[in-house]
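One structure, as structure tokens, below. Some questions next.
Indexing begins at 1, ligand by ligand and atom by atom, following the structure's order. These figures come from a predicted structure and were not determined experimentally.
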Amino acid sequence: MKYKTLKGLQDILAPDIPVWQHIEAVARDIFRTYGYQEIRLPILESTEIFTRSIGETSDIVEKEMYTFQDKGGRSVTLRPEGTASFVRAYVEHHLYNNPAPQKFYYMGPMFRYERPQAYRYRQFYQIGAEAMGIEDPNLDAEIISLLSAILRRIGLEGLNFEITSIGCKACRPGYREALKNYLRDKLDGFCGDCRRRYDLNPLRILDCKVPECISSRQGSPPVLDYLCAGCREHFDGLKYNLDLLKVPHTINPNLVRGLDYYTKTAFEVTSESLGSQKAVAAGGRYDGLVDEFGGPPTPGIGFALGMERIVPLIKGSVKTSEGPDLFICPLGDEASVKALVLAEQLRTHGVRIEANLESSSIRSQMRKADRIGARNVLVLGEDEIRKGEVVVKDMTTGTETRTPIDIQELARLIREKK
Ligand code: HAM
């Protein structure tokens, strides 16, 4: 084979496509009931959009971005996530002038140059949601409940909703100092990246995946113990609301997000069926990001779910292949042309037709009809054309129905048999 997909990228083929479409359709439907509107954002953005928001010392920015110079010498990046692009658009189009909350969703590919492994790709698809302009934890609860509604309707069960608070501008400096004090005499046990991050952004040490770092940071103080009164009240409000909305959740004080823009609420939805890449969705609040991008101070919260992690979990329960309602087998050249016209006319009545457009033996055509799962078969030969009458065979029951070659009549018959 001469050409192959790049490492970490994949083609999505027919047996999986109905599963993807099912997830997308459920998400769109639920977004509609919550008042979210779709936004379509470019895949390519100025690199600075991501470095400023996700953070210079994050793994994504340091190691995983597809960054290159375009022909005009500008540094551009294939988006590794959607929130930064969304906030850029939110500020660029002054969307904050609309009544709050302004609520948006998007679907599309993201790119991270990670080491590929099961459920981890270099191009992967997210469905994301962002809600802007409300600081109250009511919005946090609503968006987590929305995520839960999507996952439930898709048919996912046994998921854990893990929540935490990671504080705000006011309480973070105190936590940062506490963490540095704790880690100071343990630095030798950390990787080079973490030792460098100790001064630049010690919180990132909590997100390092190197096994020695994971064991060396055991016992470090949890950020929840350092929340200011405002953040604590916000977190208590969120927990109360989630109980009220009956969204089961657990508090995970060790939950760390790989992106720097979060404030207060952070959450992750995990499945034990996925091994080490167990987050099917994740998100949080980012009350400082609009400000950072030059807009008026505006709170925001959002999430994104990972399609490649959800599809395998529900694959068995979604109907994946649907054959045509009718397969037309023409016998002879004249019948082939007639089949082409007949199929075209029947389709205008909303029935799914597959016509064999080149004449071949009846046996091979019947075999083909069977292979593609046709519900009914119609044989069109010279005799049938002359008499103006055909026989429709139901492939499941074997029953045969004689009917005139009349478009209305045929369409009605096929629809009845659906
Ligand atoms: P994230 O946690 O980086 O958050 O990604 C969200 C989800 O995308 C993950 O939980 C996972 O399901 C999926 N995902 C991430 N990386 C990969 C990968 N390499 N292969 C397959 N799936 C992956 C964000 O992206 C934030 N923008 C979410 C957000 C929206 N926060 C606020 N608003």
task = Going by the salt bridge (charged side-chain N to carboxylate O under 4.0 Å, His left out) test, name the single residue among Arg197, Arg257, Arg112, Arg115 that passes it with Asp59.
result =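 That would be Arg197.
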inquiry  = Please enumerate all residues that pass side chain to side chain contact (heavy atoms under 4.5 Å, CB included) together with Glu322, with sequence neighbours excluded.
reply    =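 Here the qualifying residues are Lys319, Arg352, Arg375.
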request  = Report the residues that fulfil side chain to side chain contact (heavy atoms under 4.5 Å, CB included) with Tyr286, sequence neighbours left out, ordered by chain and then residue number.
outcome  =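 In terms of side chain to side chain contact (heavy atoms under 4.5 Å, CB included), with neighbours along the sequence ignored, Tyr286 is linked to Thr83, Phe86, Val87, Glu130, Met132, Tyr261, Leu289.
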query = For Ser148, what residues pass the side chain to side chain contact (heavy atoms under 4.5 Å, CB included) criterion, not counting sequence neighbours?
reply =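 Ser148 satisfies side chain to side chain contact (heavy atoms under 4.5 Å, CB included) with Arg152, Phe161, Val247 once adjacent residues are dropped.
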query = So, Arg172 versus Tyr226: side-chain donor-acceptor pair below 3.5 Å or not?
reply =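 Checked: Arg172/Tyr226 side chains show no N/O donor-acceptor pair below 3.5 Å.
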Sub-4.0 Å heavy-atom environment of ligand 1, residues by chain =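 Around ligand 1, where the cutoff is 4.0 Å for heavy atoms, the contacting residues are Glu81, Thr83, Arg112, Glu114, Tyr119, Arg120, Tyr121, Phe124, Gln126, Glu130, Arg257, Leu259, Tyr261, Tyr262, Ala279, Val280, Ala281, Ala282, Gly283, Gly284, Tyr286, Gly302, Phe303, Ala304, Gly306, Arg309.
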ask   = Tyr198 ring centre to Lys180 NZ or CZ under 6.0 Å, with the angle to the axis within 45°?
value =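 Yes, a cation-pi geometry holds between Lys180 and Tyr198.
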